[in-house]
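Only one structure is covered here, and it is reproduced in the block below.
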Amino acid sequence: MAGLIKREDIDEVRQRTDIKEVVDGYVTLKGAGLGTFKGLCPFHDERSPSFTVRPQVGRYHCFGCGEDGDAISFVQKMDHSSFHEAVEKLAARIGYELRYEDGGTGPNREEVGKRQRLLDAHKIADEFFRAQLLTAGAAEGRNFLHGRGFDRTAAEQFGVGYAPQGWDSLLKHLRGRGFTDAELKLTGMFSAGGPGNQQRIYDRFRGRLIWPIRDIAGDTIGFGARKLYEDDHGPKYLNTPETVLYKKSQVLYGIDLAKRNIAKDRQLVVVEGYTDVMACHLAGVGTAVATCGTAFGTDHIKIARRLLSDDGTGGEVIFTFDGDAAGQKAALRAFEEDQRFVAQTYVAVEPSGADPCDLRQLKGDAAVRDLIATRRPLFEFAIRASLKRHNLDTVEGRVSALRESAPVVAQIRDSGIRPAYVRELAGWLGMPIEEVSRAVGLAAKRAASGAPGTAGAASTAGAMGAGQGTTPGQPGQPAAAPPSDAPIAFMRPDPRDPVAAMERQALEVVIQNPAVLGGEAALIGGAWERFEACHFVTPAYSAVHTAVRAAGLANIGDPVAWVEGIRREVPEPLQGLVSELAVVPLPASTPEALQRYCRDILARLFELQITRVKADKMGQLQRLDASAQPEEFQRLNRELMQLEMQRRALRMDS
């Protein structure tokens with residue numbers, strides 16, 4: 001019987017999991033300060049990295065869209081799984097055996113989540129197909145691979161398999177492993193036939209060479225199958241249809257093998273087929289991937305940009321297409337998506353029309369590497385392709401070609417490169433540079449006037465939860481009042497307010513480095529007591545301060561539990577703010593500099609508190625009649641003197 005996972009086990013999984021390793025499977029992260037990493041957010045499209053991960057506290061936060069959480073919530077969102085499934089996946093990752101409430105157990109094969117069940121079926125099918133490639137019946141499949149320059153080692157590297165001829169080889173195998181027909185229908189690996197309610201399922205892939213299609217995390221989510229026999233009347237390539245797991249617009253074949261090279265080399269090579277990916281990788285181009293039965297589109301670009309760290313600091317995307325008309329059309333479609341990349345985009349077309357697989361067979365590995373090395377800018381290819389459609393020997397043809405190609409040049413976002421292509425286009429057309437420049441300028445103006453209004457900066461209010469009561473881009477300005485039954489609203493603090501800024505910095509230090517408040521690592525004597533006594537005037541920060549006090553010092557030795565404890569104590573709309581404070585990079589590049597910064601911030605906070613108390617007591621003193629209340633007068637003076645001594649001591653410490 002399945003049961004709830006014990007709370008202490010959930011906390012243990014959360015504490016033991018390295019969130020950076022988990023996120024690294026989906027996003028390329030770069031160091032952004034001491035113990036902090038940044039990358040492009042996987043939850044929204046952005047050009048500058050604002051997705052921040054701080055492994056020490058086990059949390060991530062996006063300063064662009066406000067998404068935040070821990071390793072468990074990250075897996076939930078990326079895999080579209082339940083909390084239960086995410087905890088079990090992470091527990092399996094670290095080899096931790098979960099316990100369940102009331103004597104329950106982990107979910108069995110009937111009760112496991114639909115997604116995990118489908119993944120299990122694909123994993124078993126993957127193993128089945130690979131084993132079949134070694135059987136006598138797969139001779140035609142092995143001949144196909146050998147004929148294209150792939151040996152057994154290459155087949156094993158890419159997991160290539162074989163689907164036996166017949167109608168139910170895989171079906172019987174998966175039934176034997178405990179899968180029901182109802183489950184198998186959801187995998188996309190089976191077709192159905194027969195009248196009405198009497199339909200029966202049978203193997204979708206029969207007598208074909210099989211490539212496993214895996215997601216970025218390496219899980220098999222579908223298959224691509226190549227026809228081998230003349231009596232197979234199906235299409236040359238047959239892929240898994242759309243399923244819960246397999247969305248072809250979001251899949252890149254080979255991404256699991258290429259992701260680390262893409263991140264390291266800041267390069268992505270897009271080829272057209274499975275064998276082209278194999279040929280590129282075996283030839284030393286380990287950044288190659290392929291789409292699966294669809295054009296390279298917006299969802300593919302989002303995956304690519306996250307891996308490339310596509311933030312304007314470099315990187316390149318290279319498309320390889322056949323030299324025929326279809327290949328040129330595909331390249332022009334890619335050019336239409338070019339502006340979504342900050343990285344430079346290129347096209348590599350072999351003059352003979354050979355694809356990477358054919359090129360490797362004919363001329364060897366070096367020829368494949370040379371093809372990629374001799375890439376041309378995609379916009380040059382697009383301009384030349386547009387010129388080919390016109391008769392440049394006539395005045396009318398040249399004018400028509402200018403009208404078509406000028407908008408292409410106008411799209412080039414690099415203002416340094418655009419004038420160079422104006423000159424190139426003038427030379428190709430045999431027209432004056434001024435005339436071409438004027439046409440490009442008019443095309444740019446038309447595009448600008450027809451473009452929709454620029455959206456404002458991404459709202460940071462998401463980090464404060466629902467009902468923040470602020471207008472994005474206008475710090476501290478209240479929005480319309482929420483309804484009376486709305487959750488507690490917290491105004492986003494104005495970053496220009498020096499007191500709010502001071503309180504925020506103090507909370508960043510305390511949440512990220514709780515040891516500075518107590519124990520041997522305390523930077524200032526009586527730091528915890530001083531911090532408890534502080535009065536925070538900014539409502540949102542005051543609520544977080546109260547939550548820190550409520551969490552106490554019990555978990556300061558465990559940063560992950562410490563942050564989680566604070567999040568549980570704050571009102572729900574502020575949980576995102578706690579994550580934000582926990583991951584924002586602190587301005588220190590060494591442990592020593594971090595200690596100095598933390599000490600200085602705490603000293604300033606405590607000095608601010610002393611100044612406030614002194615001001616209150618000075619007011620009391622001024623209102624007092626010294627002759628009528630001499631003892632009270634002396635007491636206040638003593639307290640003021642003690643406060644001043646404390647203030648001076650703080651300054652000496654810092």
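A donor-acceptor pair is defined here as one N or O able to donate and one able to accept, closer than 3.5 Å; such a pair exists between the side chain of K247 and the backbone of T243. For the pair K20 (side chain) and V53 (backbone), a donor-acceptor distance under 3.5 Å is absent. Listed for the E316 side chain is no donor-acceptor partner under 3.5 Å among the backbone atoms of Y346. The backbone N or O of L171 sits less than 3.5 Å from a side-chain atom of D203, completing a donor-acceptor pair. Under the 3.5 Å distance criterion, the side-chain polar atoms of R398 are matched with a main-chain donor or acceptor of L392. A donor-acceptor distance shorter than 3.5 angstrom exists from the side chain of R375 to the backbone of A373, with no hydrogens or angles considered. Checking side-chain atoms of Y162 against main-chain N and O of G137 turns up a donor-acceptor pair under 3.5 Å. Under the 3.5 Å distance criterion, the side-chain polar atoms of R115 are left unmatched by any main-chain donor or acceptor of L245.
Minimum interatomic distance between V368 and P356 (heavy atoms only, all atoms of both residues): CG2-O, 3.7 Å. Heavy atoms only, all atoms of each residue included: A32 and P585 are closest at O-CB, 3.3 Å. G39 approaches L29 most closely through the heavy-atom pair N-CD2, 3.8 Å. Scanning all heavy atoms of the two residues, the minimum distance from D358 to A354 falls at CB-CB, 4.1 Å. In plain terms, the two heavy atoms of S386 and S405 that are nearest each other are OG-CB, 3.6 Å. Taking each heavy atom of V349 and L371 in turn, the nearest pair found is C-CD1, 3.9 Å.
Proximity of the aromatic rings of F63 and H61 is defined here by a centroid distance below 6.0 angstrom, and this criterion is met.
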Exercise. For F190 and T187, what are the C-alpha separation, side-chain angles and deciding distance, and is it a side-chain contact (heavy atoms from CB on, under 4.5 Å)?
Worked result: CA-CA 7 Å; F190 301 92; T187 66; 3.7 Å; yes
Exercise. Going through the distances and angles, do F319 and F381 end up as a ring pair (Phe, Tyr, Trp, His ring centres under 6.0 Å)?
Worked result: CA-CA 11 Å; F319 296 92; F381 182 87; over 10 Å; no
Problem set entry | Stepwise side-chain contact (heavy atoms from CB on, under 4.5 Å) test for I417 and F379 | CA-CA 11 Å; I417 294 177; F379 40 74; 4.0 Å; yes
For this session: For D355 and T320, run side-chain contact (heavy atoms from CB on, under 4.5 Å): C-alpha distance rounded to whole Å, both residues' side-chain angles, the deciding distance at 0.1 Å, then the answer.
Result: CA-CA 8 Å; D355 58 32; T320 66; over 6 Å; no
Problem set entry | V160/L209 under side-chain contact (heavy atoms from CB on, under 4.5 Å): CA gap, chis, key distance, verdict | CA-CA 7 Å; V160 183; L209 206 58; 3.9 Å; yes
For this session: Please lay out, stage by stage, how E434 and R438 fare under the test salt bridge (Lys or Arg N to Asp or Glu O under 4.0 Å).
Result: CA-CA 6 Å; E434 295 77 11; R438 189 163 49 249; over 6 Å; no
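Relative ring orientation between H300 and F296 is described as parallel, the plane-to-plane angle staying below 30° on a 0-90° scale split at 30° and 60°. Ring geometry for F205 versus F129: interplanar angle over 60°, hence perpendicular rather than tilted (30 to 60°).
Here the straight-line distance linking atom CG of L359 with atom CZ of R369 works out to 11.0 Å at 0.5 Å rounding. Residue K264 holds its NZ atom at 15.0 Å from NZ of K259, rounded to the nearest 0.5 Å. Between atom CZ of residue R266 and atom OG1 of residue T28 there is a gap of 8.5 Å, rounded to the nearest 0.5 Å. Note: L257 CG to Q157 CD = 7.0 Å, rounded to the nearest 0.5 Å. Interatomic distance, L170 CG to I201 CD1, rounded to the nearest 0.5 Å: 9.5 Å. Rounding to the nearest 0.5 angstrom, the gap separating the CE atom in M431 from the OG atom in S437 is 12.5 Å.
We find that R384 and E380 are joined by a salt bridge, their nearest charged nitrogen and carboxylate oxygen being less than 4.0 Å apart. Ionic pairing of R305 and E46 is not present here: no N-O contact between side-chain nitrogen and carboxylate oxygen is shorter than 4.0 angstrom. Between R208 and D232 there is a salt bridge, with a side-chain nitrogen of the basic residue lying less than 4.0 Å from a carboxylate oxygen of the acidic one. Under the 4.0 Å criterion applied to side-chain N and carboxylate O atoms, R389 and E404 are assigned as salt-bridge partners.
Figure legend: R226 and W211 shown without cation-pi pairing, the cationic atom not lying both under 6.0 angstrom from the six-membered ring centre and within 45 degrees of its axis. A cation-pi arrangement is not found for K30 relative to F37, the charged atom failing to lie both closer than 6.0 Å to the ring centre and inside a 45° cone about the ring normal. A cation-pi arrangement is present between R148 and F144, with the terminal nitrogen or guanidinium carbon under 6.0 Å from the aromatic centre and inside a 45° cone about the axis.
In summary, of the residues considered (L134, D126, L133), a side-chain contact (heavy atoms from CB on, under 4.5 Å) with R130 occurs for D126 alone.
The shortest distance between side-chain heavy atoms of F223 and I213 does not fall below 4.5 Å. Y274 has its side chain out of reach of C357: every pair of non-hydrogen atoms, C-beta onward, lies at least 4.5 Å apart. The shortest side-chain heavy-atom distance between D68 and E580 does not fall under the 4.5 Å cut-off. A heavy-atom distance below 4.5 Å is found between the side chains of S50 and H44. In this structure, the side chains of R306 and C41 stay at 4.5 Å or more apart for every pair of heavy atoms. For the pair L402 and L425, the minimum side-chain heavy-atom distance is below 4.5 Å. Residues I221 and R214 have side chains not in contact (no heavy-atom distance under 4.5 Å, counting atoms from C-beta outward). Residues V409 and I383 have side chains in contact (heavy-atom distance under 4.5 Å, counting atoms from C-beta outward).
E396 and S400 share no donor-acceptor pair across their side chains, judged by distance under 3.5 Å alone. Looking at T36 and R54, their side chains do bring a donor and an acceptor atom within 3.5 Å of each other.
The side chain to side chain donor-acceptor pair (under 3.5 Å) test applied to D365 returns R360, not counting sequence neighbours. When the ring-ring contact (aromatic ring centres under 6.0 Å, His included) test is applied to F51, the partners found at least two apart in sequence or on another chain are Y60.
Applying the side-chain hydrogen bond (donor to acceptor under 3.5 Å, both in side chains) test to residues at least two apart or on different chains, the pairs with a partner in residues 276-294 are Q267-T287.
Heavy atoms from other residues, nucleotides or ligands lying under 6.0 Å from NZ of K363 number 12 at most.
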